[in-house]
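As the structure is a prediction and not an experimental result, all values here were calculated from the model.
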Amino acid sequence: MALLRLILNIIWLFVAGFWLAVGYVVAGVICCVLIVTIPFGVASFRMASYALWPFGRDLVRKPGAGGGSTVLNVIWLIVAGWWLTIGHVVTAVGLAVTIIGLPMAWASLKMIPVALAPFGNEIVRSGGPREPWQF
């Protein structure tokens, strides 16, 4: 199973992961330049690492996330979340054209929750005991 994840991650890196990660990093740098939006920049860098190597990792709810996360997620959703979601859906449709691209399309769709609500969630390795993702 680990070999399959490695192969899928390498294919993903060349097909879509690199460009998605570059987009998240550019957004993170812009957010960090503007001092007030540094939390958004940190979230963007976290999403870039997930976009770079998604297979073998899952999104879970961070224990203790409260109202502050909800407020930041609402702001994020209005400013950037829906744009990122459209990008992931378009990428998934393009990848789903071929049979080899179906797992890649699934990986792109799997990133939509973190693109919509990056605060109050964390990215963990697959296979461990965890609480399911919640919006």
Side-chain angles (χ1 to χ4, degrees):
M1 191 62 133
L3 180 62
L4 180 61
R5 286 181 181 162
L6 176 67
I7 291 169
L8 287 172
N9 276 321
I10 290 171
I11 293 170
W12 169 261
L13 184 65
F14 288 109
V15 174
F18 177 75
W19 296 111
L20 287 171
V22 166
Y24 282 120
V25 167
V26 168
V29 168
I30 291 170
C31 287
C32 285
V33 167
L34 307 169
I35 303 301
V36 176
T37 56
I38 286 177
F40 296 102
V42 171
S44 189
F45 292 138
R46 197 174 52 232
M47 290 186 297
S49 77
Y50 189 43
L52 202 57
W53 207 258
F55 293 98
R57 295 164 63 181
D58 288 322
L59 181 69
V60 297
R61 187 79 179 148
K62 187 183 285 186
S69 297
T70 304
V71 170
L72 290 174
N73 280 331
V74 169
I75 295 168
W76 177 266
L77 180 66
I78 293 168
V79 174
W82 67 283
W83 285 104
L84 294 169
T85 300
I86 291 170
H88 283 293
V89 169
V90 169
T91 301
V93 169
L95 290 169
V97 172
T98 64
I99 291 176
I100 190 91
L102 287 175
M104 309 302 154
W106 178 250
S108 185
L109 293 175
K110 186 174 96 167
M111 290 181 205
I112 289 176
V114 76
L116 286 173
F119 298 98
N121 299 305
E122 60 185 342
I123 299 160
V124 297
R125 298 182 133 231
S126 296
R130 61 189 185 274
E131 181 181 331
W133 186 83
Q134 300 171 4
F135 193 83

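- Counting only heavy atoms from C-beta outward, the side chains of Ile112 and Val89 approach each other to under 4.5 Å.
- Lys110 places no side-chain N or O within 3.5 Å of a backbone atom of Ala105 that could act as its donor or acceptor partner.
- At most 12 heavy atoms of other shown residues, nucleotides or ligands fall within 6.0 angstrom of atom CD1 in Ile99.
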| field | Trace of the side-chain contact (heavy atoms from CB on, under 4.5 Å) decision for Ser108 with Trp12 | value | CA-CA 10 Å; Ser108 185; Trp12 169 261; 3.9 Å; yes
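- In terms of hydrophobic clustering, with Ile, Leu, Val, Met, Phe, Trp and Tyr side chains grouped at heavy-atom distances under 4.5 Å, Met47 and Trp82 are assigned to different clusters.
- In the hydrophobic clustering of ILVMFWY residues, with side-chain heavy atoms under 4.5 Å counting as a link, Leu84 and Leu72 come out together.
- Hydrophobic clustering of Ile, Leu, Val, Met, Phe, Trp and Tyr side chains at less than 4.5 Å, counting indirect connections, keeps Phe40 apart from Ile38.
- At most 12 non-hydrogen atoms from other residues, nucleotides or ligands lie less than 6.0 angstrom from CD1 of Ile100.
- In this structure, Met104 and Phe55 have side chains that are in contact, with non-hydrogen atoms separated by less than 4.5 Å.
- Contact detail for Leu8 and Pro103: the closest heavy-atom pair is CD2-CB, 4.0 Å.
- With contacts defined as side-chain heavy-atom distances shorter than 4.5 Å, the pair Leu95/Thr91 qualifies.
- In this structure, Pro54 and Met111 approach most closely via the heavy-atom pair CB-CE, 3.5 Å.
- The distance from atom CG of Asn73 to atom CD1 of Ile78, rounded to the nearest 0.5 Å, is 11.0 Å.
- Of the inter-residue distances, the one linking Thr85 atom OG1 with Leu116 atom CG reads 3.5 Å to the nearest 0.5 angstrom.
- Judged by distance alone, with hydrogens and angles left aside, the side-chain atoms of Ser44 form a donor-acceptor pair with the main-chain N or O of Tyr24 at under 3.5 Å.
- Taking every heavy atom of both residues into account, Gly28 and Phe45 meet most closely at C-CZ, 3.6 Å.
- A continuous path of Ile, Leu, Val, Met, Phe, Trp and Tyr side chains, each step under 4.5 Å between heavy atoms, connects Ile30 with Trp19, placing both in one hydrophobic cluster.
- If you take CG on Leu4 and CG on Asn9, they are separated by 9.5 Å, rounding to the nearest 0.5 Å.
- Counting all heavy atoms, side chain and backbone alike, Phe18 lies closest to Leu52 at CA-CD1, 4.1 Å.
- Counting only heavy atoms from C-beta outward, the side chains of Glu122 and Val124 approach each other to under 4.5 Å.
- To the nearest 0.5 Å, atoms OG1 (Thr37) and CH2 (Trp76) are separated by 9.5 Å.
- With hydrophobic clusters built from ILVMFWY side chains whose heavy atoms lie under 4.5 angstrom apart, Leu102 does not share a cluster with Ile11.
- Contact between Pro118 and Ala43 at its shortest, heavy atoms only, is CB-CB, 4.0 Å.
- Put simply, the side chain of Asn121 never gets that close to the backbone of Leu59: no donor and acceptor are under 3.5 Å apart.
- Side chain of Arg57 to backbone of Trp53: a donor-acceptor contact under 3.5 angstrom is found.
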| query | How far apart are the C-alpha atoms of Asp58 and Ile123, what are their side-chain angles, what is the distance that settles it, and do they pass the side-chain contact (heavy atoms from CB on, under 4.5 Å) test? | reply | CA-CA 6 Å; Asp58 288 322; Ile123 299 160; over 6 Å; no
